Amino acid sequence: MKPIDALRTLLGTDAVLDSAADLAPYLTDWRGRYTGSALAVALPRSTAEVALTLRWCAQHAVPVVAQGGNTGLVGGATPDTSGRALVLSTRRMRRIRSVDTANDTITAEAGCPLQEVQQAALAQERLFPLSLASQGSCTIGGNLATNAGGTQVLRYGNARELTLGMEVVLADGTVWNGLRGLRKDNTGYDLKQLFIGSEGTLGIITAATLKLFALPRARVVCLVACPDLAAAIALLHRARAAAGPALTAFEVISDDCWQLVRTQRAGAGAAGRALFAQPHPWLALLEWSEPEDAAHAQDQCERLCAASMAAGIAHDAILSRSLDDARSLWSLRESIPEAQARAGGNVKHDISLPLGSMAAFVAETGAALQALDTDLRPMVFGHLGDGNLHYNVGTQVGVPAAAAFSREAQINDIVYAAVARHGGSISAEHGLGQLRRELAQRTKSAEEMAMMRAIKQALDPDGRMNPGKLI
Ligand SMILES: Cc1cc2nc3c(=O)[nH]c(=O)nc-3n(C[C@H](O)[C@H](O)[C@H](O)COP(=O)(O)OP(=O)(O)OC[C@H]3O[C@@H](n4cnc5c(N)ncnc54)[C@H](O)[C@@H]3O)c2cc1C
């Protein structure tokens, strides 16, 4: 019997795909930047079937590429071009195993889309705060494997801070059930932390126990026009001081980014209208989540905006008056990645910096890019409250996006040299995948790389878990 037929016997015929047409959707990443090839795609339905699959892979020396929603932005879930790897898709493992309202936790399988976890929490009047524009497609397994961030990190932390327990299948098929719902557990190494952010290079996450929170009574979203980035940072400090933990998000959007979304949405009703009478260099989007009521949140937000305008750090502001208003403002922010993709894409950087360096970084880098080529145009947005910018470099209106891609290496040199100068990180939330693997090896210290290699060697001695990614 051929090895692949043996896998079919273990999982069932419909759980192993190997025709070119069936494989195709699993072989290219969300950005369409990487296309690989694979021996087959396995679609296990349970942790036991993942264990059977990994034992089969160990027996036949087959590399394994875990794939959840395939929304990653660094090519981490795309196999290489050798055609030797098995793509293990968690799509069929999407059960919510339990919601424990007494303990404020939810346990979900790895392939459960993030949005379904949020909805299951909401059905029990709880909040699961992880929130990304890709939440309809990305999965809990992918979120943990990339330590996803998103828009609520400022208040609730990233995926790492939301995880209490985890179930993992190791490279040899061993199942580790670490699905604990404890907020305190000082009994040695915290093993789940190894798998968070490991991008499928150490094992397959099959389920996780996650923290839930009380639902806020009201949410007010406020879009504030700022004269420059330094003013937006000053606004962040004021908002933090005024709102404390009620400030659940603070995003920024550069005018170039904003105009792109607006132009693409023209004719789409309120979303496409010019919200402000004139363009402003930067917009800040704040979310105020209240334990009291909407009127209180709106009153607090209005006071913040009035004081900020008086101080000259804000020029104009729009406040949501209903949940629909709030959703509509968020949807403008969340449509930025897709708007950029539709415009032909750009050279992406997902960087973090100390807040004090942010304005200088943007000014210096913008000037250096202009000196390189006046056709280039930074399209910047991001989670300012977390010191995280998506510093994407596209082209001026009317110039094909290819002009930016043809200068990718020079653009990256400029951006990453500035990141290093200002003590930042080359990947704030998207991970390393294949896009930033080599760059990480150049920028991390020898000691750090040696410890990472030792961990990899201990858990995946044959180097079969997602080869060519991260490390
Ligand atoms: C429009 C858009 C907006 C986005 N916004 C954000 C954002 O705000 N913040 C953010 O952090 N990211 C964002 N992303 C990136 C992406 O959605 C996240 O990285 C997400 O966590 C990936 O989940 P996924 O299920 O799609 O994983 P995939 O893309 O399938 O996989 C990502 C990595 O995780 C590994 N992996 C997947 N499942 C498992 C598993 N069960 N066990 C072990 N390894 C696994 C894969 O091998 C791969 O290395 C965005 C993407 C898009 C397209």
Side-chain angles (χ1 to χ4, degrees), residues 25-26 28-34 36 44 47 50 54 63-79 85 87-94 108-115 117 130-153 158-160 166-171 194-208 249 251 330 333-342 348 350 352 381-383 386 388-390 427-437 459-460 465-471:
Y26 299 88
T28 299
D29 71 312
W30 187 85
R31 292 174 62 194
R33 197 181 163 135
Y34 297 102
T47 304
V50 173
L54 290 200
V64 191
V65 179
Q67 194 176 98
N70 199 17
T71 66
L73 298 174
V74 291
T78 309
V87 174
L88 190 156
S89 166
T90 57
R91 277 178 196 209
R92 287 187 178 173
M93 297 179 63
R94 54 191 297 155
E109 291 184 345
C112 190
L114 171 57
Q115 198 162 287
V117 176
L130 189 66
S131 177
L132 321 180
S134 53
Q135 61 200 24
S137 311
C138 67
T139 62
I140 284 299
N143 297 153
L144 267 55
T146 58
N147 186 25
T151 54
Q152 306 277 299
V153 175
N158 46 27
R160 187 182 298 285
M166 195 182 280
E167 181 186 78
V168 178
V169 180
L170 302 179
L194 286 180
F195 297 94
I196 301 176
S198 66
E199 300 184 42
T201 61
L202 299 179
I204 306 288
I205 299 165
T206 47
E251 305 279 305
W330 264 123
R333 154 65 185 88
E334 283 168 351
S335 58
I336 294 173
E338 290 195 11
Q340 295 191 342
R342 270 196 297 273
K348 292 197 184 306
D350 162 39
S352 60
F381 67 102
H383 316 295
D386 318 324
N388 174 194
L389 286 184
H390 299 308
S427 179
E429 58 176 14
H430 296 158
L432 300 175
Q434 40 188 318
L435 181 66
R436 303 208 174 91
R437 172 180 174 244
L459 289 175
D460 179 26
M465 301 305 292
N466 214 0
K469 319 289 169 50
L470 191 149
I471 190 157

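Just follow the structure's listing: the first ligand is 1, and inside any ligand the first atom is 1. Small disclaimer: the values here were computed from a predicted structure and weren't measured.
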Point to revise | Atom pair CZ (R160) and CG (L144), whose distance is rounded to the nearest 0.5 Å | key: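 That separation rounds to 9.0 Å.
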Check your understanding: Parallel, tilted or perpendicular: which describes the rings of H383 and H390, with under 30° parallel and over 60° perpendicular?
Key ->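 Judged by the thresholds at 30° and 60°, the geometry between H383 and H390 is perpendicular.
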Practice item. Find out whether K348 and L435 are in side-chain contact, i.e. whether some heavy atom of one side chain is under 4.5 Å from a heavy atom of the other. Key: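 In short, these two side chains do not touch, never coming nearer than 4.5 Å.
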Exercise for review: Determine whether Q434 and D29 make a side-chain contact, defined as any pair of heavy atoms from C-beta on separated by less than 4.5 Å.
Suggested key: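 Contact flag for Q434/D29 side chains = no.
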Exercise for review: Inspect the contact between K469 and E199 and indicate whether a charged nitrogen and a carboxylate oxygen are less than 4.0 angstrom apart.
Suggested key: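 Judged by the 4.0 Å cut-off on N to carboxylate O distance, E199 and K469 do not form a salt bridge.
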Review point. At a 4.0 angstrom heavy-atom cut-off, what protein residues surround ligand 1?
Key: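 Its neighbours under 4.0 Å (heavy atoms only) are W30, A66, Q67, G68, G69, N70, T71, G72, L73, G76, A77, T90, A110, L132, A133, S134, C138, T139, G141, G142, N143, A145, T146, A148, G149, G150, E199, G200, G203, I204, I205, P337, H383, E429, H430, N466, given by chain and number.
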Review point. Partners of R437 by salt bridge (charged side-chain N to carboxylate O under 4.0 Å, His left out), sequence neighbours excluded?
Key: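 Scan of R437 (salt bridge (charged side-chain N to carboxylate O under 4.0 Å, His left out), adjacent residues dropped) gives none.
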